[in-house]
Novice: 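Got a structure for you, questions after.
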Amino acid sequence: MLMRDEVKAAVEAILFTRAEAVSLEELVEILDVGLLDLIPIMRELILQYNQEKRGLQIVDTGSGYLMCTRPEFAGLLAKTRPALRKRLSGAALETLAVIAYQQPVTRAEIEAVRGVKIDRIITMLLEKNLIEEAGHKPVAGKPMSYQTTPEFLKIFGLTSLKDLPVLEEDSGNV
Amino acid sequence: MLMRDEVKAAVEAILFTRAEAVSLEELVEILDVGLLDLIPIMRELILQYNQEKRGLQIVDTGSGYLMCTRPEFAGLLAKTRPALRKRLSGAALETLAVIAYQQPVTRAEIEAVRGVKIDRIITMLLEKNLIEEAGHKPVAGKPMSYQTTPEFLKIFGLTSLKDLPVLEEDSGNV
Amino acid sequence: MPYVVALEAFHGPLDLLLYLIEENQLDIYDIPIARITDQYMAYLSDTGDWDLDRLGDFLVMASYLMQLKSRLLLPKSPLERQEPEESDIDPREELVRKLLSYKRYRQVANYLAAMEQGDVHRVFYRQPDDTPREEELVADVKSLVSAYKALREQLKQSQQQMEIPGGDVDINLMMNRLMSMLGEKKRRGMAFHELLGSAASRKELLGYFLALLELLRQHRVRAMQSEHRAEIRIYLQAGNKHVDA
């Protein structure tokens, strides 16, 4: 059995190694501690990070814990990203926006919003692992539906889908 | 100009996002601080990490600074990343089979049986330590011959080559 | 002169429509359909040769706008006048709804672009550690042995296949068959692969090939190739009638 501080250190090591959210259940299994013991330790660890105002933070995303940088360093870090990835096109971003808010969503539903055919963009987004298939929708023709991936969250610096801005109500002034 | 603590936090954020060593020169450029100011700050940051006995540490690799987990968590982290169980490809298995039954055997002899070039497979089997060189064969051109290794026996669960099943009418004239 | 943006710059017909509405500072709830349709059509007529796939989406919207325009211009039919609730609905309503919905997602897309570039506060994840994971090889003796057995079997068969065909293929017969096939085609001749394609077995194929070589040697047929790597065509040599043996 690990001591409280050892558990904290171990959690840090695990979250650091995994570049994604790790669920509470998985932490319990890896660390061999009780779920009810771990929850307050996690709360304390998150608080500690927040108080110390370091460059990193631990976020409870709802589906797991995630280690990431503090938002105030966004500008600095955007400068340092080594190999500049090819930016996504406006059309690809619009398609991603519809998928992010309406997932799981079918091709036809996205096309209805954007008013254009999107076969090629869907293929490209699948290849880049930004979206994935989310099963057939139980409507006529049983079309495939799509949803965003953890990679989508990483690319756009979101800790969970809840970080997406709330859509404004319909307003006439364009 | 950033405050001392802000520089530290920024360095943490930078080292965290990069899964590699970042040079002092690059940090100076990103942070816009003087080299002579940064060196003592880095020393202090490393010391701080070591004193706090967290799950992470910052290491001066000589070519740059690297954020990584503390060695004492290696065992724990190995659990979270179980080794990939990988099957040998059909082509690799065939090549190994010829070597196992006909060793020591040359590349040309194996190619004659399999009917294809096997350079890459031989390299792969050597890298995986499943076969090893067994000296030059005293025939024209003195080609290198190959034989299986103790690692081969281990992987296939054999105690010795004699455990390989005898093939009927195995008169060697394949 | 108004600044003209190329059609390529728009992500779709809704994007173009929103642009026109913004440019003209129009109320999205009260779009002058006739004017917008004219401007929209002006953009479409000025595309040059553009990707037809993409143009299709713009054309669908064009026909919708034209339809909308004609519905607004035409006097209401007596039937419609009898159903006041129906005719009260502005035919532009669906378009407005679509435009507003699209506009929201276009704003999100802009926000995502800013997120991607780090222009707004966002977190950064660690780059995935791409040090290769340790590999554990799994293998069993059974598959090793069966692989070896299969190889030996294959080897035996290929040795059989490589044996030179014996005297059971009559080259003369093959030569006659080729001559009669070519005779049917007259001047058009036959492609080399077509000619040999009728072989039933490897042995027969070899027989046909030897027969063809012999016919060429005897100048009874010609082989022509229009250019390097082009198909080889076989013709009956002029004045050499096929004679049945």
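In the text below, chain A, chain B and the rest are named by the order of the sequence lines, each starting its count at 1.
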Novice: Given the rule in the side chain to side chain donor-acceptor pair (under 3.5 Å) test, do A/Q147 and A/E132 qualify, once you have shown the distances and angles that lead to the verdict?
Specialist: CA-CA 6 Å; A/Q147 63 191 19; A/E132 61 193 3; 2.9 Å; yes
Novice: Would A/E12 and A/Y49 count as having a side-chain donor-acceptor pair, cut-off 3.5 Å?
Specialist: yes
Novice: Under 4.5 Å from any heavy atom of chain A, what part of C/V60 do you find: side chain, backbone, both or neither?
Specialist: neither
Novice: Are there over 12 heavy-atom neighbours, none belonging to A/K117, within less than 6.0 Å of that residue's NZ?
Specialist: no
Novice: For C/Y105, which atoms come within 4.5 Å of any heavy atom of chain A: side chain, backbone, both, or neither?
Specialist: both
Novice: Give, as side chain, backbone, both or neither, the part of A/L164 having an atom under 4.5 angstrom from any heavy atom of chain C.
Specialist: side chain
Novice: By a 4.5 Å heavy-atom criterion (distance strictly below it), what part of A/Q57 contacts chain C: side chain, backbone, both, or neither?
Specialist: side chain
Novice: Should we count CZ of A/R120 as having more than 12 external heavy atoms under 6.0 Å?
Specialist: no
Novice: With chain C, which of A/E111, A/E20, A/R114 has the greatest number of heavy-atom pairs at distances under 4.5 Å?
Specialist: A/R114
Novice: Check each atom of A/R70 against the heavy atoms of chain C and say whether the ones under 4.5 Å are side chain, backbone, both or neither.
Specialist: backbone
Novice: So which of A/L66, A/V59, A/L96 has the largest heavy-atom pair count under 4.5 angstrom toward chain C?
Specialist: A/L66
Novice: Salt bridge (Lys or Arg N to Asp or Glu O under 4.0 Å), that's the test. Do C/R122 and A/D163 meet it? Break it down for me.
Specialist: CA-CA 10 Å; C/R122 57 162 282 182; A/D163 285 358; over 6 Å; no
Novice: Measure distances from A/L153 to the heavy atoms of chain C and classify the residue's part below 4.5 Å as side chain, backbone, both or neither.
Specialist: both
Novice: Charged N to carboxylate O under 4.0 angstrom, A/E44 versus A/K8?
Specialist: yes
